[in-house]
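It should be emphasised that the depicted structure is a prediction, and the values quoted were computed from it without experimental measurement.
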Number of protein chains: 2
Amino acid sequence: MKNQDDHLNHAIIEFYEKLSSWEMAVVKDNGFSLPQVHTVEILGLNGPMRMKELAEKIGVTTGTLTVQIDKMVKAELVQRRAHETDRRSILVELTESGQVMFEEHDKLHMQLTADLTIQFTEAERAQMLDFFKRINKEF
Amino acid sequence: MKNQDDHLNHAIIEFYEKLSSWEMAVVKDNGFSLPQVHTVEILGLNGPMRMKELAEKIGVTTGTLTVQIDKMVKAELVQRRAHETDRRSILVELTESGQVMFEEHDKLHMQLTADLTIQFTEAERAQMLDFFKRINKEF
DNA sequence: TGCATATAGTTCGCCATTCAAACTAATAAT
DNA sequence: ATTATTAGTTTGAATGGCGAACTATATGCA
């Protein structure tokens, strides 16, 4: 059913746009830049990561990321660590205070998710989780 | 159930991050900047909009938006139009070629949505749409 | 093995983006 | 009427991002 898919598509985009606006608004209030919060978010969710990988996820060049990470190291949000097997690579990971920042930011996300699904039954929430998991796997 | 909600929360964030990376990659290939595509996307979905409103959705100041829209007017993607009742306000809308660009970009989104939900049954897709609609209304 | 090629990250110069503040014009409030 | 508020623009300063040149390490292959 073509039209139905169109609706689903637009509903997804609308959701994405709204989440994006929400993220901006939240970030504006906490003193750090959006790229910094974004980086903390990614590292918090995925754990330590190589520069290259992180740059791809964020969508910037490694040149840009080097400068970005330098600033974040100064701000004590992240630290660099040698890669165990590949000496060209460098792992970036959250410091303790970076971890704290992640958890605080994550709490806001939790609250948002709770607010958005407030009228969902327990079963619906479970189904929603299943849907997202399957979609994320396909990505 | 606390833990379940945590999973749903993180699945949503993961989805958001992936969509964000996808959008970046798509935009890089088409010659226009990310904010420009973003603007076209918003106007295409929501129709003509005041500068203020648009700035809020995108997450920039109106000063930034003025410059941005100037460029897009030059590129013939959008045009300014007087607001019917409030003479302070200005409506921004897509031009014909802006509309074409929106539809082309939208096709990519459609394809992505189709790919991501390829293993979903018709009923599941319908339920997914219902979930997104309810969440978007709550936002 | 040894040499060519590829990959990871850094540095740096240049251009694009963004913000904040000052400003104009129109509207709303008292 | 006068004052306060709101929408949008302009501009100077700060920031962000890209791409090319460079260093160091790893991989491929004759």
Side-chain angles (χ1 to χ4, degrees), chain A residues 20-21 23-43 46-75 77-93, chain B residues 20-21 23-43 46-75 77-93:
Chain A
S20 180
S21 295
E23 187 83 10
M24 297 257 199
V26 164
V27 167
K28 287 271 159 65
D29 294 343
N30 86 348
F32 292 96
S33 73
L34 192 133
Q36 286 179 335
V37 175
H38 198 184
T39 300
V40 166
E41 194 163 58
I42 291 176
L43 290 178
N46 302 100
M49 196 175 295
R50 289 180 307 112
M51 292 288 286
K52 187 76 193 308
E53 206 178 344
L54 186 53
E56 270 164 15
K57 275 199 196 293
I58 299 178
V60 294
T61 62
T62 55
T64 298
L65 187 61
T66 294
V67 177
Q68 197 64 251
I69 293 297
D70 283 347
K71 284 179 196 158
M72 294 182 70
V73 167
K74 235 174 239 164
L77 289 173
V78 302
Q79 57 200 19
R80 288 184 168 91
R81 199 181 70 196
H83 191 285
E84 292 86 352
T85 60
D86 187 341
R87 290 201 299 163
R88 290 170 307 179
S89 293
I90 287 178
L91 291 177
V92 186
E93 63 186 359
Chain B
S20 181
S21 295
E23 187 83 9
M24 296 254 202
V26 164
V27 168
K28 286 271 160 64
D29 294 344
N30 86 348
F32 292 95
S33 74
L34 193 133
Q36 286 180 335
V37 176
H38 198 184
T39 300
V40 166
E41 196 162 57
I42 291 176
L43 291 178
N46 302 99
M49 195 176 295
R50 290 181 306 114
M51 292 288 287
K52 188 77 193 309
E53 206 179 343
L54 186 53
E56 271 163 17
K57 276 202 196 290
I58 300 177
V60 296
T61 63
T62 56
T64 298
L65 187 60
T66 293
V67 177
Q68 196 64 251
I69 293 298
D70 283 346
K71 283 180 196 158
M72 293 182 70
V73 167
K74 235 173 240 162
L77 290 174
V78 302
Q79 57 201 19
R80 288 183 169 91
R81 198 181 71 196
H83 191 284
E84 292 87 351
T85 60
D86 188 340
R87 291 200 299 165
R88 289 171 307 180
S89 293
I90 288 178
L91 290 177
V92 186
E93 63 188 358

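What separates CG of B:Leu65 from P of D:dA7 is a distance of 13 Å, to the nearest Å. For the pair B:Ile69 CD1 and C:dT17 C1', the interatomic distance rounds to 14 Å; values are reported in whole Å. Look at CE on A:Met51: it is 12 Å from C1' on C:dT11, rounded to the nearest Å. In this structure, B:Arg50 atom CZ and C:dA25 atom P are separated by 20 Å, rounded to whole Å. Spacing between atom CD1 of B:Ile90 and atom P of D:dT6 amounts to 18 Å, rounded to whole angstrom units. A straight line from CD of A:Glu53 to C1' of C:dT7 spans 14 Å, rounded to a whole angstrom. The distance from atom CD1 of A:Ile58 to atom P of D:dG17 is 9 Å, rounded to the nearest whole Å. Protein atom CE of A:Met49 is 16 Å distant from nucleotide atom C1' of C:dG9, rounded to whole Å.
Using a 4.0 Å cut-off, no side-chain N or O of B:Arg87 falls inside it from OP1 or OP2 of C:dT24. Contact check, B:Lys71 against C:dA16: no side-chain N or O comes under 4.0 Å of OP1 or OP2. The phosphate of C:dC19 has OP1 or OP2 within less than 4.0 Å of a side-chain N or O from B:Thr64. Contact annotation: A:Gln68 reaches the phosphate of D:dG17 (side-chain N/O to OP1 or OP2, under 4.0 Å). Taking only side-chain nitrogens and oxygens, A:Thr62 never comes nearer than 4.0 Å to OP1 or OP2 of C:dA8. The phosphate of C:dT10 (OP1 or OP2) has a side-chain N or O of A:Arg80 nearer than 4.0 angstrom. For B:Thr61 and C:dC19, the shortest distance from a side-chain N or O to OP1 or OP2 is below 4.0 Å.
Side chains of A:Ser20 and A:Glu23 form no contact here, defined as non-hydrogen atoms less than 4.5 Å apart.
Nearest to the side chain of B:Ser33, among D:dG8, C:dT17, C:dA8, sits C:dT17.
Under 3.5 Å, the side chain of A:Arg88 and the base of C:dT7 form at least one donor-acceptor pair of N or O atoms.
When each of A:Asp86 and A:Val67 is assigned the nucleotide of DNA chain C bearing its nearest heavy atom, the one mapping closer to the 5' terminus is A:Asp86. A residue-by-residue look at A:Leu91 and A:Lys28 shows that A:Leu91 has its nearest nucleotide of DNA chain C further toward the 5' end.
A salt bridge links A:Lys52 and A:Glu56; the closest N-O separation between the charged side-chain nitrogens and carboxylate oxygens is under 4.0 Å. Using a 4.0 Å cut-off between charged side-chain N and carboxylate O, A:Glu84 and A:Arg87 make no salt bridge.
We find the CD1-CG distance between A:Ile90 and A:Leu54 to be 12.5 Å, quoted to the nearest 0.5 Å.
Between B:Phe32 and the options B:Thr39, B:Leu77, B:Val40, a side chain to side chain contact (heavy atoms under 4.5 Å, CB included) holds for only B:Leu77.
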